[in-house]
Amino acid sequence: MAISISVTHVVLTGGIGSRLWPLSRKTFPKQYLELFDGHSLFEKTITRSENVCNKTIVVGNIENYKMSNAIMAKIKRPFTHIVEAVPRNTAAAIAFAAFASKPEDILLITPSDHIIEGNNLYNTALQKAIVLANQDYLVTFGIKPTKPETGYGYIEFENENVIAFHEKPDFDTAASYLDKGNYFWNSGLFCFKASTFLAELEKQEPAVYLASKIAWEANHNGFLDYELSLNIPSISIDYAVMERSSSIKVIPAHFEWSDLGSFESVYDYLVQKGHPIDVNRNIVIGTSLHTTFIGVKNCILIYTSDALMVLQKENSQEVKQIYQQLEAIASPLL
């Protein structure tokens with residue numbers, strides 16, 4: 001695509017991936033694990049948008065700083081690094097990127113830990129979003145549901161218009177969304193002008209806007225001040241802006257997408273890619289040791305040097321509870 005306007009890829013690298021413990025740790029989150037065709041999710045995210053975007057901004061916390069830098073050096077990509085002293089959620093993270101940009105710059109916001117397949121379909125969706133963003137809309141991307149998923153938020157829509165955002169539902173509600181047909185999964189991908197987002201944030205959450213602006217203006221080479229950052233209310237872009245604005249459009253995403261937010265989604269991805277699986281659809285992750293499953297189906301054995309977990313695939317969302325239990329006792333396993 002010939003770029004007639006400036007499009008910046010804003011990559012959000014925060015997040016621990018607690019539902020992928022013990023693979024994902026505070027010191028080595030899932031976006032940096034080289035589990036995916038020998039590459040990390042972070043690297044795949046950066047390279048995915050190179051045909052559409054002409055600038056890159058990486059926003060992340062101080063713990064991830066060196067890991068992000070190492071990957072950017074590996075792929076030899078110029079970028080701006082914004083380093084948060086303390087995580088303050090996605091509204092502030094995106095505000096920093098917007099303050100660092102020119103008002104008319106189009107920002108493509110993506111998490112760093114999603115899998116997206118189908119480059120042509122992805123690029124087509126981005127180009128549609130850029131057109132709408134250039135008309136001062138805030139654009140989100142909706143994924144057509146394939147099952148009644150309870151781990152995602154939903155977007156109720158009519159054509160390109162958003163009717164409502166819905167929080168993660170229970171199973172019966174998710175099944176009803178699937179039946180109705182006018183509900184997308186909320187992908188967490190966004191596109192808008194820097195100035196459009198900042199104006200909407202100032203309107204909807206003036207405290208977040210002002211505290212983020214003050215913190216950004218005091219940054220030193222992209223590093224944010226700890227004390228000033230603590231003054232920023234912690235709130236997601238969904239709550240702060242997307243669920244309250246009247247200028248939202250949704251682009252149907254026909255590319256394959258997964259947030260790899262649970263071992264169930266990792267399982268589905270790895271099996272699709274030819275990962276070894278036994279006759280009862282059990283798999284092993286993290287070791288080449290001979291492993292035999294007897295009397296169980298759809299199980300995952302996850303091996304690391306200091307932890308071992310056996311998991312029924314359908315119970316993947318419960319891993320976060322194990323993480324929280326370990327967190328409560330300040331376990332070194334995190």
Find out whether Ile82 and Leu224 are in side-chain contact, i.e. whether some heavy atom of one side chain is under 4.5 Å from a heavy atom of the other. yes
Electrostatic pair Lys213:Glu217 at N-O distance under 4.0 angstrom: yes
Taking the side chain as everything from C-beta on, heavy atoms only, tell me whether Phe141 gets closer than 4.5 Å to Asn186. no
For the residue pair Cys299 and Gln312, what are the closest heavy atoms and their distance? SG-OE1, 3.6 Å
What is the minimum heavy-atom distance between Gly188 and Pro111, and which atoms define it? O-CD, 3.4 Å
Verdict with supporting geometry, Val10 and Leu108, side-chain contact (heavy atoms from CB on, under 4.5 Å): CA-CA 6 Å; Val10 178; Leu108 169 66; over 6 Å; no
What's the verdict on side-chain contact (heavy atoms from CB on, under 4.5 Å) for Val266 and Ile285, showing C-alpha distance, side-chain angles and the deciding distance? CA-CA 10 Å; Val266 171; Ile285 299 174; 4.2 Å; yes
Return the minimal non-hydrogen interatomic distance between Ala133 and Val139, and the atom names on each side. N-CG2, 3.9 Å
Flag side-chain contact, heavy atom, 4.5 Å: Val11 against Val59: no
Ionic contact status for Glu50 with Arg77, cut-off 4.0 Å: yes
Hydrophobic clusters join Ile, Leu, Val, Met, Phe, Trp and Tyr when side-chain heavy atoms are under 4.5 Å apart, directly or via other members; which others share one with Ile62? Tyr65, Val83, Phe223
Given 3.5 Å as the limit, does a donor-acceptor pair link the side chain of Asp113 with the main chain of Phe42, or not? no
Do Asp225 and Asn219 get their side chains close enough for a donor-acceptor pair, meaning under 3.5 Å? no
Just verifying a value: how many Å separate Ile57 CD1 and Ile94 CD1, rounded to the nearest 0.5 Å? 11.5 Å
Check: Ser246 side chain, Arg244 main-chain N or O, donor-acceptor pair, under 3.5 Å: no
In terms of heavy-atom contacts, does CG of Asn120 have more than 12 from other residues, nucleotides or ligands at under 6.0 Å? no
Looking at Asp268 and Lys273, is there a salt bridge between them, counting it only when a charged N and a carboxylate O are closer than 4.0 Å? no
Have Tyr154 and Thr173 got a donor and an acceptor in their side chains that come within less than 3.5 Å? no
When you measure from the side chain of His254 to the backbone N and O of Ala125, does any donor-acceptor pair fall under 3.5 Å? no
Same hydrophobic cluster for Leu178 and Phe184, using side-chain heavy-atom links shorter than 4.5 Å among ILVMFWY? no
What one should report as the nearest heavy-atom pair of Lys102 and Ala194 is O-CB, 3.6 Å
Between His9 and Thr110, is a side chain to side chain donor-acceptor pair (under 3.5 Å) present by the stated rule, with each step listed? CA-CA 8 Å; His9 186 191; Thr110 74; 2.8 Å; yes
Say whether Glu158 and Asn161, considering side chains only, have a donor N or O and an acceptor N or O under 3.5 Å apart. no
For the residue pair Ile300 and Val310, establish whether any side-chain heavy-atom pair is separated by less than 4.5 Å. no
Taking Glu156 first and then Lys180, would you say they form a salt bridge - that is, a charged N and a carboxylate O separated by under 4.0 Å? no
Quick check: is Leu308 connected to Tyr267 through a chain of hydrophobic side chains (ILVMFWY, heavy atoms under 4.5 Å apart)? no
Has the side chain of Ser236 got a donor or acceptor atom that lies under 3.5 Å from a matching backbone atom of Tyr239? yes
Is any side-chain heavy atom of Leu107 closer than 4.5 Å to one of Ser101? yes
Give the intermediate values and the outcome of side-chain contact (heavy atoms from CB on, under 4.5 Å) for residues Asn123 and Leu121. CA-CA 6 Å; Asn123 288 340; Leu121 292 172; over 6 Å; no
Decide, yes or no, whether a salt bridge links Asp105 with Lys193 under the criterion of side-chain N to carboxylate O below 4.0 Å. no
Under a 3.5 Å distance rule, please check whether Ser245 uses its side chain to pair with a backbone N or O of Val241 as donor and acceptor. no
To the nearest 0.5 Å, tell me how far Asn280 CG sits from Asp278 CG. 5.5 Å
Candidate pair Arg48 and Glu117, rule salt bridge (Lys or Arg N to Asp or Glu O under 4.0 Å), full reasoning: CA-CA 9 Å; Arg48 179 183 303 133; Glu117 307 278 2; over 6 Å; no
Which atom names give the shortest non-hydrogen contact between Gly60 and Thr13, and what distance separates them? CA-OG1, 3.1 Å
Is there a side-chain contact between Arg25 and Leu334 (heavy atoms, below 4.5 Å)? no
Connected via hydrophobic side-chain network under 4.5 Å: Ile109 and Ile115: no
Applying side-chain contact (heavy atoms from CB on, under 4.5 Å), run through Asn54 and Ser6 and close with a yes or a no. CA-CA 7 Å; Asn54 59 329; Ser6 182; 3.7 Å; yes
Let me confirm one number: the CD1-CG distance from Ile302 to Leu311, rounded to the nearest 0.5 Å. 5.0 Å
For Val319, does its backbone N or O pair with a side-chain atom of Arg19 as donor and acceptor, under 3.5 Å? no
In one Ile/Leu/Val/Met/Phe/Trp/Tyr side-chain cluster, 4.5 Å: Trp216, Leu228: no
Any sub-3.5 Å donor-acceptor pair from Arg281's side-chain atoms to Asn298's backbone N or O? no
Would you say the ring centers of Phe99 and Tyr209 fall short of 6.0 Å from each other? yes
Atom CD1 in Ile235, atom OG1 in Thr90: separation rounded to 0.5 Å? 8.5 Å
Taken to the nearest 0.5 Å, the spacing of Ile163 CD1 from Asn182 CG works out to 5.5 Å
Does a sphere of radius 6.0 Å around OH in Tyr137 hold more than 12 heavy atoms from other residues, nucleotides or ligands, not counting ones at 6.0 Å or beyond? no
What is the ring orientation for Tyr177 with Tyr183, classed by angle as parallel under 30°, tilted 30 to 60°, or perpendicular over 60°? parallel
We want to know whether Tyr32 and Ser68 form a side-chain donor-acceptor pair, criterion being a heavy-atom distance below 3.5 angstrom. yes
For the side chain of Thr196 and the backbone of Phe192, is there at least one donor-acceptor N/O pair under 3.5 Å apart? no
Would you say Leu189 and Met242 are hydrophobically clustered, going by side-chain heavy atoms of ILVMFWY under 4.5 Å? no
Can Lys74 and Glu43 be counted as an ion pair, charged N to O under 4.0 angstrom? yes
Counting distance only, does the side-chain N/O of Ser247 pair as donor-acceptor with the main-chain N or O of Leu138 below 3.5 Å? no
Heavy-atom side-chain contact between Asn231 and Ile214 under 4.5 Å: no
Any donor-acceptor pair under 3.5 Å linking the side chain of Ser195 with the backbone of Pro103? yes
For residues 143-152, the side-chain hydrogen bond (donor to acceptor under 3.5 Å, both in side chains) pairs (sequence neighbours left out) are Tyr152-Asp259
If you round to the nearest 0.5 Å, how far is OG of Ser187 from CD1 of Ile155? 6.5 Å
Please report the shortest heavy-atom distance between Val296 and Asn282, naming the atom on each side. O-ND2, 3.0 Å
Does Lys128 reach the side chain of Lys249, with side-chain heavy atoms less than 4.5 Å apart? no
